[in-house]
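Please read the structure below before turning to the comments.
A, B, ... follow the sequence lines: proteins, then strands. Residue 1 opens every chain.
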Amino acid sequence: MQHTRLRFPPSPTGYLHIGGARTALYNWLFVKKTGGRLVLRIEDTDADRSTEESISGIIEGLEWLGIDWDEGPYFQSDFSADHRRAAEKLLQEGKAYHCFCTREELEQKREAALAAKQNVGYDGTCRELGEAQVEAKLQAGTPAVIRFKVPERQGKIGYDDKVLGRIESSYNEIDDFVIVRSNGSPLYLLCNVVDDIRDRISHVVRGQDHMTNTMKQLLLYEALEAPVPVFAHMPLTLDTKKAKISKRSHGEIVAVEFYRDHGFLPWAFNNFLVLLGWSPGDDREIFSKEELIEAFSLDRINKSASIFNYRKGDPKFFTDPKAIAINEHYLRTMAVEELAPLVKEVLIDDGLWHNDYDTGLRQWFFDTIDLIRSRFHVLTDFASMGRAYFSDEFEIEEKPLNKNLLKHPGLKQWLPELADDYERLSDFSVEETERLARACAERVGVKPGVVINGMRTVVTGQLAGPSMFDVLVTIGQQNVVTRLRKTPQLFP
RNA sequence: GUCCCCAUCGUCUAGUCAGGUCCAGGACACCGGCCUUUCACGCCGGCAACACCGGUUCAAAUCCGGUUGGGGACGCCA
């Protein structure tokens with residue numbers, strides 16, 4: 001096979017959402033798999049809607065995901081001369097024509113057709129205009145768009161889709177479509193093809209919502225006498241109500257940056273995304289980058305749409321449970337050395353970072369991460385639920401406060417007493433701290449759990465956590481003593 | 001209204017092309033148990049699906065037809 005060349009062509013009219021990210025990922029995987037090249041092309045021909053902010057957001061999103069490209073970013077607007085030249089060529093060769101129908105006329109016809117339950121679509125009014133008529137209107141300065149003239153042929157046009165198989169459509173089902181606006185600027189259908197030809201794109205991997213565009217673009221490739229790339233149409237991602245996910249109706253929950261800001265691991269998110277419409281054919285679900293590239297193939301992409309299982313207002317899952325599960329899996333199984341830099345960023349953001357964690361306390365930092373990570377879902381949990389490990393200023397949660405502390409008024413005395421015992425300890429170890437805690441419980445006549453969980457509340461502010469004595473040793477003798485002595489302050 | 005695509009547990013899916021090994025496998029979620037000072041992790045177990053109707057066949061989740069359902073497109077957006 002010749003070198004594969006693929007492209008990711010976002011339109012910069014909003015943030016990078018999960019549908020776009022998944023498209024980018026599939027393109028990227030296929031490129032890596034085949035040793036090809038990925039082109040990033042910003043399709044900014046809609047000047048009214050394109051923004052700088054969106055461009056940088058999309059690029060940041062791709063960078064966060066680790067989806068890199070080999071060429072670009074190219075900007076479609078830089079190639080408008082190419083697009084115009086192509087349109088001119090089609091006009092010259094009689095493969096396109098000027099259309100003088102106004103927006104208003106078209107809109108009226110469209111609505112009338114819809115109302116009468118008739119077929120909507122361009123009726124070809126200007127298709128057969130005589131040369132003289134056209135010339136006259138043009139001379140008079142009548143605004144005109146350029147429409148592609150769909151060949152009058154019997155039969156069907158089609159292509160072999162890599163995921164869907166043979167796809168065909170009758171020529172007469174395809175309307176003459178606009179390729180250049182009346183203000184002279186070329187439109188998507190044309191630009192996209194001209195750019196793909198120039199960029200020598202070999203495979204077009206995009207959503208199934210482009211299937212009708214593909215039929216039209218096939219005609220453009222033919223008219224422009226260029227080889228047709230391989231097409232692969234990916235299934236769409238729908239919401240739980242089976243509507244196409246979009247920025248407009250779903251907001252930040254479908255934005256890639258939301259997942260970055262909520263403590264997702266970039267690769268875990270890719271791993272989740274790839275499974276939305278693709279599987280390796282066996283039971284594997286967790287892949288390293290290398291494994292996924294090796295396993296990926298276009299023909300194992302699903303045909304049917306998948307649902308992004310986000311349930312608004314769900315108290316337990318703030319996004320698709322599977323996405324969280326995959327993130328958790330990585331969070332607790334990846335090498336601590338790889339996780340630590342990501343935790344560091346989160347701690348820095350929350351003002352909890354100490355430079356010692358990179359030097360003298362490096363091993364302590366690693367051990368602490370390892371100790372607490374099995375209960376966490378996302379990176380930001382290290383700064384919230386894990387706050388007491390990195391700072392003396394943390395909140396005592398209400399539930400453990402009531403259940404594990406206030407319910408046992410004796411703890412007001414017992415815990416400071418235990419603090420005294422701990423302070424005298426020359427060997428502040430798991431074994432010794434446990435021995436003294438149990439002795440304390442026995443002395444005052446309560447179950448060890450009362451003392452232990454009371455201590456957990458005071459020392460970590462949390463209802464649950466790792467083995468308490470591991471926690472004590474991790475947090476350190478002096479801090480533990482200080483925190484235990486503050487116990488009375490927590491009682492009303 | 002027209003055209004196109006799709007259809008297996010609640011969700012992501014394996015199995016469909018080459019029909020039998022599938023009274024349908026895995027994962028997430030959920031439920032139960034073990035572990036335990038708590039909560040997790042981990043481990044064990046459970047619940048749960050071939051949309052429907054016909055046809056072909058000794059045999060259909062798998063092939064064919066239809067029905068229903070869902071999605072997409074039909075823009076001087078991309």
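Rounding to whole angstrom units, NZ of residue A:K322 and P of B:A29 are separated by 9 Å. Atom CG of A:L114 and atom P of B:C74 are 12 Å apart (whole Å).
For A:Q208 and B:G71, a side-chain-to-base donor-acceptor distance below 3.5 Å is absent, hydrogens and geometry of angles not being considered. If you check distances only, the side chain of A:R456 does reach the base of B:U37 with a donor-acceptor pair under 3.5 Å. The base of B:G72 is not paired with the side chain of A:D209 by any donor and acceptor separated by under 3.5 Å.
Taking a pair to require two hydrogen-bonding distances under 3.5 Å in either a Watson-Crick or a G-U wobble arrangement, B:G42 pairs with B:C34. As the counterpart of B:C3, B:G72 is assigned, both hydrogen-bonding distances of the Watson-Crick or G-U wobble pattern falling under 3.5 Å. B:A29 makes up no base pair with any nucleotide shown, lacking Watson-Crick or G-U wobble contacts both under 3.5 Å. Remark: B:A48 base-pairs with no nucleotide in the shown strands. Criterion, Watson-Crick or G-U wobble with two distances under 3.5 Å.
Ring-base stacking between A:H210 and B:A78 is satisfied, the centre separation being under 5.5 Å and the plane angle under 30°.
Across the C1' atoms, B:C28 and B:A14 are found 15 Å apart, a figure rounded to whole Å.
Counting any heavy atom pair closer than 4.0 Å across all strands shown, A:P400 reaches no nucleic acid atom. Counting non-hydrogen atoms under 4.0 angstrom, A:P448 reaches nothing in the nucleic acid.
Among the nucleotides B:C76, B:C12, B:G71, the one closest to any side-chain atom of A:L275 is B:C12.
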